[in-house]
2 protein chains.
Amino acid sequence: METTKFFSEDMLSDVVTVLKALADPTRLKIINILMDGETCSCEFTEQLELPANLLSHHLRTLKKANLITGRRDNVDGRWIYYSLNKEALARWQQLLGEFLDPARIEPRKCLCGPEGQTAPINPEKVMIETN
Amino acid sequence: METTKFFSEDMLSDVVTVLKALADPTRLKIINILMDGETCSCEFTEQLELPANLLSHHLRTLKKANLITGRRDNVDGRWIYYSLNKEALARWQQLLGEFLDPARIEPRKCLCGPEGQTAPINPEKVMIETN
DNA sequence: GATTAAGTTCAACCATCGTTGAACTTTCAT
DNA sequence: ATGAAAGTTCAACGATGGTTGAACTTAATC
């Protein structure tokens, strides 16, 4: 008997990648800053006080998780602007919301242990057996 | 000028703890199995094919994140049953859902870069200046 | 072309984490 | 008490990941 899988095996890897990308205080702050709209890296270094290379590393991690995108400045190509991937965010909000949904929890109790053997929780079965 | 914080500083650590607890394929599977209701560890070892100590380690991580609870069998105290912490799950579903909400993304563009200096995006301001 | 500025990449370090095997604890059975 | 079973804890290993400083790329300026 196999449990119904929520995430397919190939999707599991993506889920873990995104969750790992989210599981860092600096990157959570980056995402929150990006909620204000397209942002240049000067705001990151100002608000996060990170060296440029470390900021680059975290942005790279978020990029690999497909959570953000970057584009170069039209006037001065040295500058880069970063934005949240709105579609990806919506997708993960939805998927994680469904996965964590407490309504999915079933009231079933495990019957394979000693407790389930000696004290069945099903009242109907008790009635039938005692008839 | 400071960005509006979504997670308070003390809460940030809890968020990271939960996200790190979730960011592992085995633990995601454990959570999904627990969606079927209270479960003894025999189901875990059967479905996950993990050595007992490794399973114990992952359950411990989920416990520390306050995502699951355990209780001993009433008949045979050697057995332990695990359940999802429904309230915690509901709370994180809510919080992560709000945090990731794409509706929070504002359309603002960064004006501090070269692009913003030479080509203002505000049409009104352009009208006024050319008048 | 040389120089400066914005970002990235690289190598190295250190901490964390998943994994493993063994020792240990707790609980029940004989 | 002795022994077995269910879980936990411990120590060690290997891999991953955040951090740092230096070298490198790319792009604009002189």
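Reminder, nothing fancy here: chain letters follow the sequence lines and each chain counts from 1.
- Going from atom CG of A:Asp76 over to atom P of D:dT25 covers 20 Å, rounded to whole Å.
- Under 4.0 angstrom from either OP1 or OP2 of C:dT8 there lies at least one side-chain N or O belonging to A:Lys63.
- Each of A:Asn74, A:Thr39, A:Thr69, A:Asp73 was evaluated against A:Tyr81; a single residue qualifies, A:Asp73, per the side-chain hydrogen bond (donor to acceptor under 3.5 Å, both in side chains) test.
- What separates CG of B:Asn74 from C1' of C:dT27 is a distance of 14 Å, to the nearest Å.
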Please report, to 0.1 Å, the donor-acceptor pairs under 3.5 Å made by any side chain of residues 85-95 of chain A, with sequence neighbours excluded.
unit_1: A:Asn85; atom_1: OD1; unit_2: A:Glu87; atom_2: N; d: 3.3
unit_1: A:Asn85; atom_1: OD1; unit_2: A:Ala88; atom_2: N; d: 3.2
unit_1: A:Asn85; atom_1: ND2; unit_2: A:Asn66; atom_2: O; d: 3.2
unit_1: A:Asn85; atom_1: ND2; unit_2: A:Asn66; atom_2: OD1; d: 3.3
unit_1: A:Gln93; atom_1: NE2; unit_2: B:Gly97; atom_2: O; d: 2.8
unit_1: A:Gln94; atom_1: NE2; unit_2: A:Glu98; atom_2: OE2; d: 2.5

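- The local environment of CZ in A:Arg60 is sparse, with at most 12 non-hydrogen atoms from other residues, nucleotides or ligands closer than 6.0 Å.
- To the nearest 0.5 Å, the span separating CZ on B:Phe7 from CG on B:Asp14 amounts to 10.5 Å.
- Of the residues in residues 54-61 of chain A, those placing a heavy atom less than 4.0 Å from an atom of DNA chain D are A:Leu54, A:His57, A:His58, in numerical order.
- Between B:Arg78 atom CZ and C:dT27 atom C1' there is a gap of 6 Å when expressed in whole angstrom units.
- If you measure from atom CD1 of B:Ile80 to atom P of D:dA5, you get 18 Å, rounded to the nearest angstrom.
- For B:Glu43 and B:Lys29, the salt-bridge test fails: no basic side-chain N is under 4.0 Å from an acidic carboxylate O.
- Under the 4.5 Å side-chain criterion, counting only non-hydrogen atoms from C-beta, B:Leu19 is not in contact with A:Asp24.
- Using a 4.0 Å cut-off on heavy atoms, the residues of residues 13-31 of chain A that approach DNA chain D are A:Lys20, A:Asp24, A:Arg27, listed by number.
- Contact of the B:Leu28 side chain with the A:Val15 side chain is registered, since non-hydrogen atoms from C-beta on lie closer than 4.5 Å.
- Partner of A:Leu59 under the side chain to side chain contact (heavy atoms under 4.5 Å, CB included) criterion, chosen from A:Ile80, A:Leu67, A:Ile68: A:Ile68.
- What separates CG of B:Leu48 from C1' of D:dG7 is a distance of 16 Å, to the nearest Å.
- The base of C:dG21 is paired with the side chain of B:Asn53 by a donor and an acceptor separated by under 3.5 Å.
- Across all strands shown, B:Tyr82 has heavy atoms under 4.0 Å from sugar-phosphate atoms exclusively, and none from any base.
- Distance A:Glu43 CD to C:dG7 P: 12 Å, rounded to the nearest Å.
- Straight-line distance from the CZ atom of B:Arg72 to the C1' atom of D:dG7: 7 Å, rounded to whole Å.
- For the pair B:Tyr82/B:Lys63, a side-chain contact is recorded, criterion being any heavy-atom separation below 4.5 Å from C-beta on.
- A straight line from CG of B:Leu50 to C1' of D:dA6 spans 16 Å, rounded to a whole angstrom.
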